[in-house]
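Proteins come first, then strands; the chains are lettered A, B, ... in the order of their sequence lines, and each starts at number 1.
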Number of protein chains: 2
Amino acid sequence: MNPHANGRAPVLRIDLSSSVPVYLQIASRLRALLVSGELKAGHRLPSVRQLAADLGVHHNTVALAYRELAKEGWLELRRGRGARVLRRAEPKADSGAKAEFLRRLEGLVAKAAADGLDPESISRQFEALRRKLWKGKSS
Amino acid sequence: MNPHANGRAPVLRIDLSSSVPVYLQIASRLRALLVSGELKAGHRLPSVRQLAADLGVHHNTVALAYRELAKEGWLELRRGRGARVLRRAEPKADSGAKAEFLRRLEGLVAKAAADGLDPESISRQFEALRRKLWKGKSS
DNA sequence: GGGCATTGTCTAGTGTACATAGACAATGTA
DNA sequence: TACATTGTCTATGTACACTAGACAATGCCC
């Protein structure tokens with residue numbers, strides 16, 4: 001069942017001490033929910049002010065995240081109406097995106113190794129993510 | 001003509017159009033080389049001015065990357081002498097680092113899925129990275 | 001239809017980080 | 001001792017993240 005049983009939108013978690021900008025953390029987390037299908041087409045997101053209040057940031061910060069996702073085709077934004085999840089055609093994979101991804105992945109994994117994280121555990125986590133985030137298309 | 005051409009193979013590549021700061025790209029790539037053992041203890045890195053000239057950036061930008069790695073215990077920096085790779089004790093894994101890693105990994109993989117990248121190919125790349133970066137530490 | 005609360009958007013203002021520029025200080029060497 | 005080489009420091013311009021608060025579109029209730 002829905003863990004957010006109060007009828008309100010899910011409360012995301014952000015890390016104010018992270019070097020990753022808050023609006024990107026929000027967009028990133030929401031994108032994961034969209035990709036995995038936990039947020040489906042037609043779903044309404046909380047208003048920028050509601051989510052901002054939940055997170056303790058300014059509503060413009062949330063608006064920036066929403067606009068980022070709208071630009072990627074995930075959301076429809078209309079003033080006075082809110083944010084709705086769209087049905088989105090999957091874009092063609094381009095080689096630039098893949099190169100960028102690989103560079104970032106290398107950096108991330110190298111940092112994990114440098115920090116002494118356990119490789120087996122990390123492999124398991126990665127496979128779990130892969131299954132979850134691509135589950136909508138392989139079946 | 002290529003502004004970085006100096007007749008030698010590039011030590012590393014950076015992407016000026018990326019949103020990732022240049023000094024972090026440099027540190028990230030070098031960290032991968034350090035973790036994998038391609039840069040061993042005792043090795044000398046190019047001077048900040050040499051590397052900066054290769055990359056087409058200011059030497060202070062490279063110096064910032066070097067200092068980042070020195071702070072992590074990878075390098076010894078002495079003015080007049082250059083940068084040398086240190087023997088470094090692997091730190092204990094702490095849960096904060098792991099949580100941060102997982103958040104970033106989720107964001108990265110979700111973005112890859114959103115961009116239409118192929119999951120099998122990505123899994124293979126991940127395993128290759130894992131083997132390379134944890135070489136000698138695990139079966 | 002009128003009034004009004006709700007929603008996303010816009011323009012400004014402020015603080016911080018990134019990158020550059022160039023001087024400075026420590027080290028090695030001829 | 002001279003001098004070139006090296007990392008470090010202070011200053012400066014620019015872009016970005018976040019906040020602040022007004023504005024405009026929408027839907028709802030009477």
For [X] and [N], give me the distance from atom [atom1] to atom [atom2], rounded to whole Å.
X: B:E68; N: C:dA17; atom1: CD; atom2: P; value: 13 Å
X: A:Q50; N: C:dA5; atom1: CD; atom2: P; value: 17 Å
X: B:L55; N: C:dT20; atom1: CG; atom2: C1'; value: 15 Å
X: B:R44; N: C:dT27; atom1: CZ; atom2: P; value: 14 Å
X: B:L77; N: C:dT27; atom1: CG; atom2: P; value: 13 Å
X: B:R84; N: C:dG28; atom1: CZ; atom2: P; value: 11 Å

Practice problem: Would you give a per-nucleotide map of nucleotides 17-30 of chain D, 5' to 3', where B means the base has a protein non-hydrogen atom under 4.0 Å away, S means only the sugar-phosphate does, and - means neither? | Solution: SSBBBB-SBSS---
Quiz item: Under the ring pair (Phe, Tyr, Trp, His ring centres under 6.0 Å) test, which residues partner A:F126, sequence neighbours left out?
Solution: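 Result, ring pair (Phe, Tyr, Trp, His ring centres under 6.0 Å) vs A:F126: B:F126.
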Quiz item: Quick one: which of D:dC9, C:dC10, C:dG8 gets closest to the side chain of B:R67?
Solution: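 Shortest atom-to-atom distance from the side chain points to D:dC9.
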Practice problem: Mind jotting down which residue pairs meet the side-chain hydrogen bond (donor to acceptor under 3.5 Å, both in side chains) criterion with at least one end in residues 120-129 of chain B? Sequence neighbours excluded, please. | Solution: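 Only A:K98-B:S121, A:S123-B:E127, A:E127-B:S123, A:R130-B:S123, B:E127-B:R130 qualify under side-chain hydrogen bond (donor to acceptor under 3.5 Å, both in side chains).
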Quiz item: If you group Ile, Leu, Val, Met, Phe, Trp and Tyr whenever their side-chain heavy atoms sit less than 4.5 Å apart, what else falls in with B:Y23?
Solution: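 Via sub-4.5 Å side-chain contacts, B:Y23 links to B:V20, B:L24, B:L64.
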Quiz item: Considering residues at least two apart in sequence or located in another chain, which fulfil the side chain to side chain contact (heavy atoms under 4.5 Å, CB included) criterion with A:D15?
Solution: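 In terms of side chain to side chain contact (heavy atoms under 4.5 Å, CB included), with neighbours along the sequence ignored, A:D15 is linked to A:S17, A:S18, A:Q25, B:E100, B:R103.
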Practice problem: Could you check B:L34, B:L45, B:L86, B:L39 and say which one makes a side chain to side chain contact (heavy atoms under 4.5 Å, CB included) with B:W74? | Solution: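 Exactly one pass, corresponding to B:L34.
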Practice problem: Identify, with sequence neighbours excluded, every residue that meets side chain to side chain donor-acceptor pair (under 3.5 Å) alongside A:T61. | Solution: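 Listed in chain order: nothing, the list is empty.
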